[in-house]
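Step one of this worksheet: look at the structure below.
Computation of the quantities below employed the complete heavy-atom set of this structure, encompassing side-chain atoms and omitting hydrogens, waters and symmetry-equivalent molecules.
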Amino acid sequence: MQYILTTDEMRAADTFAIEDIGIPSAILMENAARSVADEIRCIAAGRQLQEVRVAIFCGSGNNGGDGFALARHLQAWAEVEVYLVGHSDRMSAETRCNFEVLPRLGIAVRHLDSAAAIAALQAIEADILIDALLGIGANDEPREPLLSVLQALQNLTAACRVAIDVPTGLNADSGRAHRACFRADYCLTMAAAKRGMLLGDGPAACGEIRIAAIGIPARVIADIASVRVLEDSDVRRWLPARKKRTNKFDYGRVAVIAGSRRMPGAAALAANAAIGAGAGLVTLYSTEIHPALRPEVMPTELPATEEGTIAPAARSSLVRAIESSSVIIVGPGLGTNEETLAMIAELFAVVPDDKMIVVDADGLRALQPDAAIGAPVILTPHAGEFARLSGIPRREIEEQGTRHAPAWAAAHGYTLLLKGVPSIISDGSKTYWNAGGNPGMATAGSGDVLSGIIAAMAAQGLAPFKSAALGAYLHAAAGDHYASRYSQESLTASAIID
């Protein structure tokens, strides 16, 4: 499990460690420098750098203090130069201590306090550039002379670029990056990733994110963090291992109510994903059965409207299907026929509370946010669908979805998976982000596969929130696995299932 912090939460963790546990801030700074030094040595080894030259750019705050302490640790195996932006009279006691040690070790500190000194940066010959200028407390609007320093560093493209804690010029909460933001190959962040690293411009500005341990106990971070991210070790911890003496009925029955004459493939993809992700039995209820439907899926052809969507005459058949299933998927390829959607809306109201419903795509059109539905419901909208469902403008959702999704889920009692980068999964009280996946997954049918995987998780006994979070994680991990072996361009929804 990984934890994602706001800047306020990170400050609270620091304060708790210092005031409640009694870890001096100087020790936290020393731990940070040691952890970062170990990571940088690994980076240098991975890039096969020899006789490494390192240039560290420090501010006068505690992020700069980390940089000063880091210089001391790197000196044992690298040629180190330190550059200061700011004034020593503004330093905290621990930052000043690490700053004053450097000349005694023969490490020169060059002050970037003039246009000439900043212009001279173009002559730097470094293998690794390290940004320890501002840290998490800064916003995305750097001022002079820092702005000129960042602009100069943008031209030094040959070196490996490492940001300490947060790249300077990136807002650690919003993910907004200034045009002169330090663009890192690696971001070595303290204790836990920060929200802005995963939002907006954050992924491009941060490069590969690595966590540097600074001595704050993991339980403190876990208690403070309001957002979590799953990792591989959580899959088996959440998904129950199968017992030897079981049968298909122990792993749930999924009913897929989806598809139409125009879009039979969407229904087949959802059903194929459900059986492929571990559901015991899957039945597809649609007006037309796609030839790519897996033989393990049991098809039931339903009466159709003139448009080829599911006709109201299918209602009694679908009620029986719901009664005999544990999880119901509604929506992929369903179409927008008003009669069909009205009938689906009626079905929502009769689903027993011991079932679970996964609603995606056109199924979201049939859902009234305040409808009285007894069964747990998982919704999987993208930003446009969520805008239609919630009445919140799409642009606002795209910019502030991390705030709107948990609030809306809490207000309406649903589990919400708002698809995006990152995807946000919330039941109103708990929130997970899914930071995996790649642009190759922006392909037809990918969302249909996601709904099938989520339903399979629920069929195997997971609660709605865990089903949505783990389904999103596995969906993204499968896409990333394919892209790493082949390419993003050739990734298809069927390949995600495979």
Tell me whether [X] is salt-bridged to [Y], with the criterion being a basic N under 4.0 Å from an acidic carboxylate O.
| X | Y | result |
| --- | --- | --- |
| E208 | R210 | yes |
| D38 | R41 | no |
| D14 | R11 | no |
| D360 | K419 | yes |
| E307 | R261 | no |

Using side-chain heavy atoms (C-beta onward) and a distance below 4.5 Å, is [X] in contact with [Y]?
| X | Y | answer |
| --- | --- | --- |
| V359 | T380 | no |
| I128 | R47 | no |
| I40 | W77 | yes |
| L416 | I425 | no |
| M441 | H475 | yes |
| T402 | W433 | yes |
| P464 | V358 | no |
| V162 | D131 | no |

Ignoring hydrogens, what is the shortest heavy-atom contact between [X] and [Y]? Give both atom names and the distance.
| X | Y | answer |
| --- | --- | --- |
| A192 | I221 | CB-CG2, 4.1 Å |
| A255 | A321 | CB-O, 4.3 Å |
| I136 | V166 | CG2-CG2, 3.4 Å |
| I209 | T189 | CG2-CG2, 4.1 Å |
| G333 | S260 | O-OG, 2.9 Å |
| A458 | M356 | CB-SD, 3.4 Å |

Do [X] and [Y] get their side chains close enough for a donor-acceptor pair, meaning under 3.5 Å?
| X | Y | value |
| --- | --- | --- |
| D173 | T7 | yes |
| D232 | Y473 | yes |
| T6 | D8 | no |
| Y285 | S317 | no |
| S446 | T443 | no |
| S286 | E301 | no |
| E30 | H73 | yes |

Item to check | Working for salt bridge (Lys or Arg N to Asp or Glu O under 4.0 Å), residues D165 and K194 | outcome: CA-CA 9 Å; D165 209 11; K194 314 308 180 294; 3.2 Å; yes
Would you check if the side chain of [X] reaches a backbone N or O of [Y] as a donor-acceptor pair within less than 3.5 Å?
| X | Y | result |
| --- | --- | --- |
| S467 | A463 | yes |
| D362 | G335 | yes |
| T340 | I310 | yes |
| K355 | E323 | yes |
| S390 | I392 | yes |
| D234 | E231 | yes |
| S326 | R253 | yes |
| S426 | K430 | yes |
| T309 | T305 | no |
| Q460 | A456 | yes |

Separation between [atom1] of [X] and [atom2] of [Y], rounded to the nearest 0.5 Å:
| X | Y | atom1 | atom2 | value |
| --- | --- | --- | --- | --- |
| S316 | L318 | OG | CG | 8.0 Å |
| L341 | E339 | CG | CD | 10.5 Å |
| I257 | L284 | CD1 | CG | 10.0 Å |
| L474 | L230 | CG | CG | 8.5 Å |
| L418 | L389 | CG | CG | 10.5 Å |
| Y3 | E9 | OH | CD | 12.5 Å |

Please determine whether the number of non-hydrogen atoms from other residues, nucleotides or ligands lying under 6.0 Å from atom [atom1] of [X] exceeds 12.
| X | atom1 | result |
| --- | --- | --- |
| E338 | CD | no |
| R388 | CZ | yes |
| R237 | CZ | yes |
| R395 | CZ | no |

Next on the checklist: Does the plane of the ring in Y486 sit parallel, tilted or perpendicular to the ring in Y482? Use 30° and 60° as the thresholds.
Outcome noted: tilted
Next on the checklist: Quick check on side chain to side chain contact (heavy atoms under 4.5 Å, CB included): which of L367, D427, I378 does Y414 satisfy it with?
Outcome noted: L367
Checklist entry - Looking at the rings of F465 and Y432, which for Trp means the six-membered one, are their centres under 6.0 Å apart? => result yes
Item to check | Check against side-chain contact (heavy atoms from CB on, under 4.5 Å), V220 and I21 | outcome: CA-CA 10 Å; V220 174; I21 299 177; 4.1 Å; yes
Next on the checklist: Would I164 and V36 count as a side-chain contact (heavy atoms from CB on, under 4.5 Å) here? Give the steps.
Outcome noted: CA-CA 8 Å; I164 306 304; V36 168; 3.4 Å; yes
Next on the checklist: Walk me through whether I4 and R228 qualify under side-chain contact (heavy atoms from CB on, under 4.5 Å).
Outcome noted: CA-CA 6 Å; I4 311 299; R228 291 163 168 75; over 6 Å; no
Next on the checklist: With side chain to side chain donor-acceptor pair (under 3.5 Å) as the criterion, how do R320 and S325 come out once you've worked through the C-alpha distance, each side chain's angles and the decisive distance to 0.1 Å?
Outcome noted: CA-CA 9 Å; R320 289 193 296 273; S325 302; over 6 Å; no
Checklist entry - Checking salt bridge (Lys or Arg N to Asp or Glu O under 4.0 Å) for the pair D498/R294: CA distance, chi angles, key distance, verdict? => result CA-CA 12 Å; D498 295 337; R294 290 189 172 186; 3.2 Å; yes
Checklist entry - Cation-pi between R161 and F182: NZ/CZ under 6.0 Å from ring centre and within 45° of the ring axis? => result yes
Checklist entry - Passes side-chain contact (heavy atoms from CB on, under 4.5 Å), V254 versus I329? Steps please. => result CA-CA 7 Å; V254 176; I329 300 175; 4.0 Å; yes
